[in-house]
Amino acid sequence: MSNNNSTGSDNPNVENGTGPAPARASHFIRDIIQQDLEQGKHGGTIVTRFPPEPNAYLHLGHAKAICINYGLAEDFGGRYHLRFDDTNPTKEEQKYIDAMRVDIHWLGFDWGDHEYYASDYFEQLYNWAVELIEAGKAYVDDQTPEEIRETRGTLKTPGTESPYRNRPVEENLDLFARMKAGEFPNGSRVLRARIDMTSPNLNMRDPVMYRVLHEKHPRTGEAWCIYPMYDYAHGQSDAIEGITHSLCSLEFEDHRPLYDWFLNNIPSIPHKPRQIEFARLNLAHAMMSKRKLLQLVNEGVVDGWDDPRLTTLSGMRRRGYTATAIRRFCEVIGVTKTNSLTEFALLEHTVREDLNKTSARVMAVLNPLKVVIENYPEGQVEHMEAVNNPEDASAGTRQVPFSRTVYIERDDFTEDPPKKWFRLAPGREVRLRAAYWVTCTDVIKDDDGNVVELRCTYDPETKGGNNPPDGRKVKGTLHWVSAEHAVPAEVRSYDHLFTSVYPDDVTDEQKAEGLDWKVNVNPDSLTVNGNAMVEPSLADAEPGTRLQFERIGYFCVDTKFTMPDKLVFNRTATLRDTWAKQAKKG
RNA sequence: UGGCCCGUGGUGUAAUCGGCAACACACCAGGUUUUGGUCCUGGCGUUCCUGGUUCGAGUCCAGGCGGGCCAGCCA
C-alpha cells in the first residue's frame with residue numbers, strides 16, 4: 001500500500017483493507033503502460049499523479065481517479081504523487097488541502113514525501129514563459145476580457161488576431177516583467193501563447209497563460225500577483241515532476257494538443273509526459289459536481305461536506321462505507337472512454353460484500369412492539385450466547401440478556417398474515433434468535449385499535465433457539481431486545497439525495513418556472529428515528545463502529561451526533577430483502 | 001459546411017492476430033440456512049443501422065444514425 005521511494009510511514013489514517021487483493025482488470029490505460037514498459041520507455045518505471053484543485057471536498061469520482069492513478073503506479077512498481085493544483089487563489093483554501101490529505105490516506109494510499117503544489121513551480125513556470133516570449137511564441141495582450149472573448153470566434157467561425165499579437169519581443173518581456181511587478185490592475189493584461197487564432201480547436205486560439213490577480217495565495221502569500229492558467233501550469237508541473245502518464249478525464253481531450261504544444265515549444269523542458277483521458281464516474285441519484293456539492297453545503301441543503309447522503313469521501317466514511325468497498329467499486333466499474341451511468345446498486349453491492357465479511361452482528365429493534373412471555377418467570381434473566389459473525393468464527397460470541405418482556409420489530413407481527421408469512425401472528429410460533437421459540441397467544445390494543453402489546457408463551461425446550469425434541473419446525477426467526485436491558489438509540493436512515501437518476505435532469509416546464517437541478521433533491525432522503533432499542537452490548541460502542549443489525553442492515557455509530565448519553569446510528573445500507581420484494585408483488 | 005471523442009444484455013465492463021460474445025451487478029425461478037442475510041444452482045443477447053471485404057466480422061473498410069465535450073482572465 002505504501003508508495004515506492006517514500007518514507008513508508010505507518011500512517012494511522014490508513015485503514016487496512018480486508019479481503020484479498022482483487023485481480024486487476026485490464027483496461028486500455030493499463031495496456032498502454034504495459035506496452036511502454038515493455039518497450040523500455042521512461043527507464044522502465046512509471047510515475048503518476050493525482051492533481052486536485054483544493055476548492056472542495058473529494059468525492060467518489062475523485063476516488064476513481066485516485067485508484068486509477070495510484071493503483072496503476074502500485075501495480076507496476078512505480079511512484080505516485082499528490083499535487084495540489086493551486087493556481088487560482090480566489091477559490092482555493094487550506095482547509096480543503098487538509099481534508100483531501102485525510103481522505104486519500106483513509107482510502108489507503110500513502111504518497112510519502114511526494115506531496116507537491118503547483119505553486120512550488122511558479123518561479124520555473126515564469127521562467128519558461130519568458131523563454132516562450134523570447135522565442136516569439138507568447139505575447140502580452142492588452143485587450144479587455146470582453147474583447148478577447150469576442151475575437152476568439154465561435155465553434156464554427158475562426159477567431160481574429162489581437163492587435164497586440166505582433167508586439168516586439170523586448171516590449172513583451174518588459175510588459176510581462178511589469179505584470180509580475182504589480183504595475184497593472186486585475187484584468188488589464190494577460191500573457192497569451194501565440195499559436196493559431198483560426199484553429200478549429202478553440203483551446204489553440206492563443207490561450208491565456210497568465211492573468212493578473214492581486215490576491216493573497218494560501219501558500220505563496222503576496223509573492224505573486226500573476227497566476228498561471230491550468231493549461232499552462234498543469235503539463236509543465238507534470239514535466240517538472242517527471243510524470244510519465246498524466247491521466248485525466250475526457251473533457252481534457254480537447255486540451256491535449258495544447259498540453260503537447262507547451263511541452264514541444266518550451267526550449268528547456270526537461271521531460272515530456274503523455275496525457276491519456278478516461279471517462280469520469282457518473283453514479284445514478286448522486287451528485288458528482290464540485291460546484292453543486294459546494295452549493296448544497298453552503299445553502300444548508302445538507303449537513304456539511306460529511307453529510308452521509310453525499311457521495312463525498314467524508315460523507316461516505318461517516319455513513320459507514322469502508323475504504324475497501326470503495327476501492328473494490330472503483331475496480332469493478334472499469335476504465336473506459338465511454339460515457340456511462342453506473343447504478344447505485346453496484347456501490348451497495350460492494351459495501352455489503354465487505355461488511356458481510358467484517359461486521360459484527362447485533363440485535364436492534366427499530367420500531368419496538370412489546371411482547372410479554374407469560375409463562376417465563378418474572379424477574380428471571382438468562383444470558384443467551386449469540387454468534388458475532390457467522391462469516392467469521394474468530395469473531396466469537398457474546399452474551400445477550402433475555403427476560404420476560406422483550407421488544408420485537410413491529411413489522412414482524414401482523415394480525416392477518418398473507419401467504420408465505422413466516423413471522424409472528426396470532427397463534428403462530430417463531431424463533432427468537434439465540435433465545436427461545438415463542439407462540440403468540442393474545443393481542444392487546446388501545447382504544448383506537450392499535451396493537452400495543454403481544455402476549456406469548458415460550459417453550460423451555462428450545463433454549464438457545466434450538467429445535468425442540470418433538471421435531472416441530474418453524475420458518476421465521478426474529479430479532480429482539482430485552483425490555484429492561486435495552487438501550488435507547490437514534491437511527492438515521494438515508495435514501496438517495498436525488499429522486500432522478502440524473503440529478504441535472506430538469507424539464508423544459510421546470511426551467512420555464514425558473515427551477516433548476518435542486519428540484520430533484522429528495523425531500524425524504526433523511527429519516528430520523530428516535531425510538532430504536534438496541535442490545536446492551538452497544539451501550540459503549542465507539543463512534544465509527546460498523547455493525548450489522550440482524551435482519552435489517554449495516555449501521556455505524558455516528559461520529560458527529562453521538563454523545564456519551566446518546567447513541568446515534570447511521571444506516572450504511574439495508575440488507576437485501578427478498579421478502580419485501582415478494583410482498584410488494586402481492 | 002467547426003473540431004475532438006464514444007456506441008456490446010436492464011446496468012457497468014471483457015473478448016490476444018479477424019475464429020464458440022465472457023464476467024459482475026440487477027432481475028426471475030429454485031436449493032441450503034437459528035438473519036426472508038450469506039452461500040449454491042439455473043434462466044435472461046439481432047454487439048446502433050446499412051452495405052462491403054472475408055471460409056469467417058463486435059473486431060477491418062465505406063456511408064449513415066445516436067450520444068458526449070469545447071466559445072472562463074475556472075480546473
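Here is the naming used below: chain letters follow the sequence lines, and residue numbers restart at 1 for every chain.
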Looking at rU35(B), rC74(B), rG37(B), which one has an atom nearest to any side-chain atom of Glu53(A)? rC74(B)

rC61(B) versus rA29(B) - spacing of their P atoms, nearest Å: 45 Å

For Leu155(A), which contact category applies under a 4.0 Å heavy-atom criterion: base, sugar-phosphate, or nothing? base

Hunt down any stem RNA chain B takes part in, defined as 3 or more consecutive Watson-Crick or G-U pairs whose two distances are each under 3.5 Å. B:2-7 with B:65-70, B:10-13 with B:22-25, B:27-31 with B:39-43, B:48-52 with B:60-64

Considering only atom C1', compute the distance from rG58(B) to rC17(B) and round it to an integer number of Å. 16 Å

Just how far, in rounded Å, is P of rA26(B) from CZ of Phe329(A)? 13 Å

Nearest-Å distance for atom pair CZ/P, residues Arg205(A) and rG72(B): 11 Å

Measure from the side-chain heavy atoms of Leu202(A) and tell me the nearest of rG2(B), rG36(B), rA71(B). rA71(B)

May I ask you to say what Asn201(A) touches in the nucleic acid, namely base, sugar-phosphate or nothing, with a heavy-atom cut-off under 4.0 Å? nothing

Within less than 4.0 Å of OP1 or OP2 of rU33(B), is there a side-chain N or O belonging to Arg431(A)? no

Distance test, side-chain N/O of Arg149(A) to OP1/OP2 of rC73(B), below 4.0 Å: no

Base of rG43(B) relative to its sugar, syn (within 90° of 0) or anti? anti

Quantified in whole Å, what is the C1' atom distance between nucleotide rG67(B) and nucleotide rC73(B)? 32 Å

Please state the C1' separation for the pair rA22(B) and rU16(B) - nearest whole angstrom. 14 Å

With P as the reference atom in both, quote the distance from rU13(B) to rC6(B) in angstrom, rounded to an integer. 14 Å

Please classify the nucleic acid contact of Asn203(A) as base, sugar-phosphate, or nothing, using heavy-atom distances under 4.0 Å. nothing

Look at Arg398(A) together with Glu385(A) and state whether they make a salt bridge at an N to O cut-off of under 4.0 Å. no

Aromatic rings Phe122(A) and Tyr227(A): how do their planes relate, parallel, tilted or perpendicular, breaks at 30° and 60°? perpendicular

Counting only side-chain N and O atoms of Arg152(A), is one of them less than 4.0 Å from OP1 or OP2 of rC70(B)? no

Closer to the 5' end of RNA chain B via nearest nucleotide, is it Asn55(A) or His349(A)? His349(A)

Determine the Euclidean distance between corresponding C1' atoms of rA57(B) and rU50(B); express it in Å to zero decimal places. 15 Å

Any side-chain N or O of Thr578(A) below 4.0 angstrom from OP1/OP2 of rG37(B)? yes

Comparing Val335(A) and Phe252(A) on RNA chain B - which has the more 5′ nearest nucleotide: Val335(A)

Cation over ring, Arg83(A) on Tyr116(A), under 6.0 Å and within 45°? no

Sequence neighbours excluded, every pair satisfying ring-ring contact (aromatic ring centres under 6.0 Å, His included) that has a member inside residues 188-208 of chain A: none

Taking rG64(B) as the reference, what is the distance to rA26(B) when you measure between their C1' atoms (whole Å, please)? 34 Å

Candidates rC6(B), rG36(B), rG3(B) - which lies nearest the side chain of Pro200(A): rG3(B)

When the aromatic ring centroids of Tyr210(A) and Tyr232(A) are compared, is their separation below 6.0 Å? yes

Check every strand shown and say whether Asn88(A) touches a base, only sugar-phosphate, or nothing at a heavy-atom separation below 4.0 Å. sugar-phosphate

Distance under 6.0 Å and angle within 45° of the ring axis: does Arg189(A) meet both against Phe184(A)? yes

Looking only at atom C1', what distance separates rA24(B) and rA15(B), rounded to whole Å? 15 Å

